[in-house]
Amino acid sequence: MEGGWPTRWQFLLCFIVSLLFQGRANSFTINCSGFDLHGVDPDVFQTIFDQKDFRPVINYSIPTHVNISFTLYAILDVDAQLQLLTSFLWLKMTWKNPFISWDPEECGDITKITVTTENLWLPDIFIVESTDVDQIPEGLSAYVNHNGHIVYHKPVRVTTICSLDIFYFPFDEQNCTFTFSSFLYTVENLLLGMDKEVWEITDTSRKIVNTQGEWELLGINKATPKMSVGSSLFDQIMFYVAIRRRPSLYVLNLLVPSSFLIAIDALSFYLPAENENRAPFKITLLLGYNVFLLMMNKLLPASGSPLISVYFALCLSLMVVSLLETIFITYLLHLATTQPPPMPRWLHSLLLYCASPLKCCPTWHWKANMDMGLISTHLPGLKEPGEPGKELGPREAKLNVGSGFTRAQLTDLWVQFGHMMDTFLFRLYLLFLSSSIITIIVLWST
Ligand SMILES: *[C@@H]1O[C@H](CO)[C@@H](O)[C@H](O)[C@H]1NC(C)=O
Ligand SMILES: *[C@@H]1O[C@H](CO)[C@@H](O)[C@H](O)[C@H]1NC(C)=O
Ligand SMILES: *[C@@H]1O[C@H](CO)[C@@H](O)[C@H](O)[C@H]1NC(C)=O
Ligand SMILES: *[C@@H]1O[C@H](CO)[C@@H](O)[C@H](O)[C@H]1NC(C)=O
């Protein structure tokens with residue numbers, strides 16, 4: 001029984017082969033009377049059409065060589081959520097059918113004819129990564145050359161699995177693989193070769209892809225490892241297609257408006273803290289930013305955590321933090337003007353230290369105070385209690401430093417403190433903002 005199978009197969013093969021080539025073992029030349037004035041006589045090709053279910057070889061131990069090439073015509077969709085790349089390819093396959101040949105000199109200089117693909121044996125080349133049935137238009141034809149070369153072009157829309165990394169969105173580059181392989185034929189039956197050099201494929205594809213769409217083609221590389229499944233070995237050609245997103249749409253619609261809003265948020269610290277406009281302004285800005293994010297959400301990748309989402313979250317949290325800061329300063333100033341609490345000694349010393357210009361408080365801040373008439377009471381208020389403060393013993397100072405001040409002086413000191421805090425927090429904010437933006441830009445540019 002075990003020994004019976006191979007012999008039965010051999011017998012079957014011999015039977016098929018002998019059936020196909022009855023009386024034609026030496027010559028497969030087509031009789032030229034088939035090419036007459038009324039076109040091609042289908043009868044002369046009938047024997048070839050009848051063989052289309054079998055791989056066209058004279059000796060079944062010889063593998064069929066199929067040369068392939070493709071032109072990447074368009075990148076239709078890059079789905080980061082499902083990790084799918086949908087692209088449109090013009091696939092070209094060439095192979096040799098040894099049963100077809102005719103002499104063009106005898107046949108009115110006809111060197112090639114077209115034959116519908118339903119009548120020909122076609123290699124079952126498919127793309128390993130594809131997740132969908134190839135959508136090929138029906139009724140395609142192939143060129144059949146007088147020496148048996150068959151050239152078959154087919155347009156295919158393929159959806160392939162591709163490991164997409166959208167961390168650097170919208171400045172991302174992707175590297176997707178198209179692996180062409182036979183579905184059934186092992187290396188003993190079918191070998192793959194290149195119809196064109198890979199640089200030719202790259203050049204023609206780049207010219208076409210780069211004129212349209214969101215993606216530009218960076219390059220195509222190839223590798224030809226054999227794939228072994230169980231005990232059988234399959235020939236395959238892998239093409240690595242590297243593409244890069246054109247970021248201008250996202251820069252204009254996402255990054256620029258967002259940067260403007262965060263810049264306005266930073267500038268709104270220059271609105272005086274005393275007048276009550278700053279908090280409403282920041283709330284409006286926050287609201288505007290949320291509306292912006294809602295509207296632009298559809299431009300963002302649906303999954304993953306790209307750096308740009310971190311950037312948006314950062315901008316949003318900076319706005320919230322700056323709003324909280326404004327609330328705090330407003331509260332402090334309100335407290336200072338209504339019922340100023342006693343001032344701890346260390347705070348007073350700090351204020352004195354900072355009151356000297358060229359130290360931590362900026363000049364614009366003093367100008368702002370002067371405009372509001374606060375400065376008139378500030379400076380004397382600061383200096384006078386400062387001197388007795390030093391003379392006081394530590395015990396008395398601990399009890400109540402503020403007791404030496406009048407209420408107006410205390411208010412001024414607290415207002416002074418509020419402004420100092422405002423400036424300090426603003427600088428902290430600016431420092432954090434610039435460092436995080438620089439970090440993000442550095443990450444993007446690598
Ligand atoms: C070709 O076919 C025609 C008609 O079928 C026949 O008369 C002719 O002898 C054939 N020629 C050869 C070389 O077989
Ligand atoms: C088929 O090819 C193999 C290897 O080239 C050879 O050994 C064998 O004799 C061939 N068979 C025939 C029937 O020509
Ligand atoms: C396939 O490509 C090889 C190498 O370029 C070439 O020798 C061979 O003739 C080609 N085969 C076909 C069927 O085009
Ligand atoms: C794409 O990935 C493959 C292997 O993963 C690598 O050989 C190839 O160089 C990569 N291409 C580019 C352009 O990075």
Side-chain angles (χ1 to χ4, degrees), residues 6 9-22 24-28 54-70 72 75 78 83 85 87 91-101 111-112 120-123 125 128-129 142-153 160-165 167-168 171-180 182 185 187-203 205-206 209-210 215-225 227 235-245 446:
W9 269 109
Q10 276 167 11
F11 173 75
L12 198 68
L13 274 183
C14 285
F15 178 69
I16 291 167
V17 170
S18 60
L19 254 184
L20 294 176
F21 320 131
Q22 302 158 351
R24 295 167 167 253
N26 298 321
S27 166
F28 303 105
F54 305 97
R55 187 164 65 90
V57 275
I58 297 166
N59 181 343
Y60 262 77
S61 357
I62 299 172
T64 302
H65 288 263
V66 178
N67 287 356
I68 56 173
S69 71
F70 68 92
L72 184 64
I75 291 160
V78 177
Q83 301 272 294
L85 168 83
S87 45
L91 194 58
K92 181 185 175 191
M93 295 193 268
T94 62
W95 66 95
K96 195 168 159 61
N97 186 331
F99 303 120
I100 301 177
S101 78
T111 52
K112 58 180 182 181
L120 290 173
W121 174 86
L122 299 175
I125 308 294
V128 176
E129 289 82 11
Y143 266 117
V144 177
N145 206 310
H146 69 91
N147 52 15
H149 273 277
I150 297 179
V151 180
Y152 174 38
H153 287 270
T160 50
I161 287 188
C162 177
S163 158
L164 299 166
D165 179 12
F167 181 70
Y168 293 107
F171 303 100
D172 51 340
E173 290 176 13
Q174 311 292 351
N175 186 354
C176 293
T177 314
F178 294 133
T179 306
F180 291 88
S182 169
Y185 295 107
V187 283
E188 290 90 42
N189 295 325
L190 195 140
L191 289 174
L192 294 175
M194 295 288 289
D195 179 63
K196 277 190 225 162
E197 290 301 315
V198 76
W199 62 264
E200 285 179 82
I201 297 179
T202 313
D203 274 5
S205 302
R206 190 182 284 144
V209 170
N210 284 8
W215 294 84
E216 67 180 305
L217 183 68
L218 288 181
I220 299 176
N221 288 336
K222 112 181 164 178
T224 50
M227 174 173 60
D235 201 10
Q236 59 179 11
I237 302 184
M238 301 172 92
F239 292 97
Y240 302 112
V241 177
I243 51 175
R244 180 170 56 200
R245 198 190 296 269
T446 50

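Every number for a ligand or one of its atoms is a count from 1 in the order of the listing. Since the structure is predicted, the reported quantities are computational estimates derived from the model, not experimental observations.
Remark: ligand 3 and T94 share an N or O pair separated by less than 3.5 Å (distance only, no angle test). Considering both main-chain and side-chain atoms, N67 comes within under 3.5 Å of ligand 3 through a nitrogen or oxygen pair.
When all heavy atoms are compared, the tightest approach of V209 to W215 is CG1-O, 3.7 Å. Here the closest non-hydrogen pair linking L217 and R206 is O-NE, 3.5 Å. Taking each heavy atom of F99 and V57 in turn, the nearest pair found is CZ-O, 3.5 Å. Contact between V198 and K222 at its shortest, heavy atoms only, is CG2-CB, 4.0 Å. Here the closest non-hydrogen pair linking T177 and M238 is CG2-CE, 4.0 Å.
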Could you tell me, for ligand 2, which of its N or O atoms are under 3.5 Å from any protein N or O, listing the pairs and their distances rounded to 0.1 Å?
from, atom 1, to, atom 2, distance (Å)
ligand 2, 2 (O), N59, ND2, 2.2
ligand 2, 11 (N), N59, ND2, 2.9
ligand 2, 14 (O), N59, ND2, 3.4

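Heavy-atom proximity to N221, at under 4.0 Å, picks out these atoms of ligand 4: 8 (C), 9 (O), 11 (N). Atom numbering of ligand 4 starts at 1 in the shown order; those under 4.0 Å from a heavy atom of N175 are 1 (C), 2 (O), 3 (C), 8 (C), 10 (C), 11 (N), 12 (C), 14 (O). Of all the atoms in ligand 3, the ones that sit under 4.0 Å from a non-hydrogen atom of H149 are 12 (C), 13 (C), 14 (O). Taking every non-hydrogen atom of W95 and a distance limit under 4.0 Å, the qualifying atoms of ligand 3 come out as 13 (C). The A242 neighbourhood of ligand 4 comprises atoms 13 (C), with distances under 4.0 Å to a heavy atom of that residue.
Atom CZ of F167 is surrounded by more than 12 heavy atoms from other residues, nucleotides or ligands within 6.0 Å. More than 12 non-hydrogen atoms from other residues, nucleotides or ligands lie less than 6.0 angstrom from CD of E173.
With sequence neighbours excluded, the residues forming a side chain to side chain contact (heavy atoms under 4.5 Å, CB included) with P63 are L191, listed by chain and number. Under the rule for a ring-ring contact (aromatic ring centres under 6.0 Å, His included), the partners of F180 that lie at least two apart in sequence or sit in another chain are F70, F239. Under the salt bridge (charged side-chain N to carboxylate O under 4.0 Å, His left out) criterion, R55 pairs with no residue at all, not counting sequence neighbours.
Under 4.0 Å from ligand 3, the heavy atoms of M194 that appear belong solely to its backbone.
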